[in-house]
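The next block holds one structure in the form of structure tokens; read it before the comments.
As the structure lists them, so they are numbered: ligands from 1, and atoms in each ligand from 1. Numbering of residues begins at 1 and proceeds along the displayed sequence.
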Amino acid sequence: MNIDFANLGLAYEEHKLAIDKAMSKVIKDSSFIMGPAVADFEKNLNSFVGTKHSLTCSSGTDALLLAMMALNIQPGDEIITSPFTFIASGETIAFLKAKPIFVDIEENSFTIDPAKIEKAITEKTKAIMPVSLFGQVADMNAINTIAKKHNLYVIEDAAQSFGATHHGKRSCNLSTIGCTSFFPAKPLGCFGDGGAVFTNDDDLAEKINSLRLHGQTKRYYHKYIGMGGRLDALQAAILNEKLKYYCNDIIRRQYVAETYSRNLKSSIIKPKITPENTSVWAQYSIRVKDREQVQEKLKSLGIPTAVHYPMPLHLQECFQYLEGKKGDFPIAEQISNEIMSLPMNPYLTEKQIYYITEHLNTIL
Ligand SMILES: *Cc1c(COP(=O)(O)O)cnc(C)c1O
């Protein structure tokens with residue numbers, strides 16, 4: 001059996017005609033930078049997410065940078081985030097010379113544990129950056145309550161959760177600013193790098209728009225130190241097509257996840273979605289001891305797996321200056337050692353899913 005982990009090729013094949021046509025239009029019109037494709041996509045993003053402002057940008061990483069720059073995060077400011085995430089969450093904080101303050105995660109959702117946040121707040125804390133991991137948002141209601149009490153911003157790192165919901169409201173519309181990524185392997189992916197920043201605040205939106213255009217307010221007049229952070233019009237055109245059937249993709253991902261969970265035997269620790277959430281299943285990850293051996297066996301059966309993520313941020317070499325050490329965040333460390341992602345994409349067939357679960361039930 002031939003199983004593809006993310007199946008990015010089929011995502012193109014399925015809507016090839018529409019995507020090719022949208023790309024041709026951008027090329028024929030030579031509107032490569034900003035222009036109608038980007039404006040259309042931002043309008044569609046607003047109606048999908050429910051925010052007043054959507055500002056597309058060059059990547060999820062740049063979305064996080066733009067959000068913190070707009071909030072005027074300064075060297076020495078502290079930002080609370082999860083140690084169990086992709087490097088960009090902590091890296092962007094450090095890139096601005098602010099200080100990432102890690103808080104351990106909940107064992108069930110793998111997202112930051114709100115009960116541990118308050119202890120980490122100091123006078124230097126400016127923001128909380130919860131990470132919506134594997135397609136599910138953190139306990140945003142609890143986090144927003146803490147933020148309000150301490151007068152902090154909340155920046156949702158929603159790179160993996162575009163389309164997910166929390167109490168019926170979409171991810172990216174749950175805090176001061178939401179940031180997502182359209183990296184090809186994310187639930188809504190383009191054909192290169194891309195991202196977006198979301199907010200309901202008019203002033204922040206205006207500033208983010210300027211920051212992604214080198215801080216300009218009008219052509220060649222620059223109010224801020226910004227960056228070249230725009231989304232390519234070609235990517236916007238592709239995303240505009242893909243967004244049309246994204247709800248269908250989400251349903252298919254949810255079906256794959258439900259089928260995995262139903263078929264895997266009860267002794268296997270499966271991902272848990274809390275009742276107030278729906279997930280877009282960026283990853284379907286189980287916990288296994290002897291992970292390497294299990295991965296090897298699955299690989300020999302034609303079943304690809306991946307590890308998101310093998311090392312928590314506080315133990316990464318680049319963060320050694322923060323003096324984190326083993327034992328600081330025991331849950332994040334344990335999950336890092338055991339986590340293993342199964343193939344996840346809207347195109348997995350029932351036969352493929354059964355093949356995977358049957359072998360896992362035998363091996364584990
Ligand atoms: C992918 C990802 C990012 C960065 O997005 P890019 O578009 O790759 O820059 C940030 N945070 C998390 C949690 C991610 O998974």
Side-chain angles (χ1 to χ4, degrees), residues 5-6 8 41 45 54-69 79-96 98 100 102-103 105 109-112 127-138 140 143 154-164 171-172 174-175 177-198 208 212 227-232 234-236 238-239 242 253 271 279-285 306-314 316 318-319 332 335-336 339 341 344:
F5 193 86
L8 303 179
F41 182 49
L45 281 176
S54 304
L55 300 119
T56 54
C57 64
S58 34
S59 70
T61 304
D62 288 345
L64 293 170
L65 280 177
L66 287 165
M68 287 185 278
M69 287 160 78
I79 298 187
I80 292 171
T81 193
S82 167
F84 186 59
T85 175
F86 179 60
I87 189 69
S89 319
E91 173 194 39
T92 49
I93 297 170
F95 186 81
L96 293 173
F102 300 116
V103 165
I105 55 170
S109 64
F110 310 140
T111 53
I112 194 167
I128 308 171
M129 183 195 287
V131 180
S132 305
L133 206 74
F134 300 163
Q136 166 172 233
V137 306
M140 294 300 280
I143 292 164
V154 179
I155 303 162
E156 186 196 2
D157 181 345
Q160 302 184 12
S161 63
F162 183 79
S171 171
C172 298
L174 302 168
S175 60
I177 300 184
C179 299
T180 200
S181 164
F182 303 119
F183 182 82
K186 309 287 181 185
L188 179 64
C190 58
F191 296 174
D193 278 306
V197 187
F198 300 84
I208 293 162
R212 69 177 167 171
M227 61 159 93
R230 301 162 302 232
L231 178 70
D232 287 358
L234 271 174
Q235 302 299 348
I238 293 160
L239 285 162
K242 290 190 77 174
R253 285 177 172 276
S279 176
V280 291
W281 296 102
Q283 305 298 340
Y284 183 98
S285 306
V307 176
H308 307 96
Y309 297 92
M311 185 185 271
L313 266 47
H314 66 287
Q316 295 285 349
C318 65
F319 284 134
I335 304 290
S336 300
I339 203 78
S341 303
M344 170 52 77

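Using a 4.5 Å cut-off on side-chain heavy atoms (C-beta onward), Glu156 and Ile143 make no contact. Between Trp281 and Pro187 the shortest side-chain heavy-atom distance does not fall below 4.5 Å. Residues Pro271 and Phe134 are not in side-chain contact: their nearest non-hydrogen atoms beyond the backbone lie 4.5 Å or more apart.
Between Phe102 and His314, the ring-plane angle classifies as tilted under the 30° and 60° cut-offs. Using cut-offs of 30° and 60° on the angle between ring planes, the pair Phe5 and His308 is tilted.
Centroid-to-centroid, the aromatic rings of Phe41 and Phe182 come within less than 6.0 Å.
With a 4.0 Å cut-off on non-hydrogen atoms, Ala159 touches ligand 1 through its side chain and not its backbone. In Thr61, the parts holding a heavy atom less than 4.0 Å from any atom of ligand 1 are both the side chain and the backbone.
What sits closest to atom 8 (O) of ligand 1 on the protein, heavy atoms only, is Phe183 CD1, 3.9 Å. Protein heavy atom nearest atom 11 (N) of ligand 1, with residue, atom name and distance: Asp157 OD2, 2.8 Å. Nearest protein heavy-atom neighbour of atom 14 (C) of ligand 1: Lys186 NZ, 3.0 Å.
Which parts of ligand 1 touch Thr85 is read off a 4.0 Å heavy-atom cut-off, strictly below it: atoms 13 (C). In summary, the atoms of ligand 1 found under 4.0 Å from a heavy atom of Val131, numbered by their order in the structure, are 13 (C). Close contacts of ligand 1 with Ser59, meaning ligand atoms under 4.0 Å from a residue heavy atom, involve 7 (O), 9 (O). With ligand atoms numbered from 1 in the order given, ligand 1 contributes 13 (C), 14 (C), 15 (O) to contacts under 4.0 Å with heavy atoms of Gln160. Every atom of ligand 1 is numbered from 1 in the order shown, and the set under 4.0 Å from a heavy atom of Ser181 is 5 (O), 6 (P), 7 (O).
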Criterion side chain to side chain contact (heavy atoms under 4.5 Å, CB included) on Cys318 and Ile87, from CA distance to verdict: CA-CA 10 Å; Cys318 65; Ile87 189 69; 3.9 Å; yes
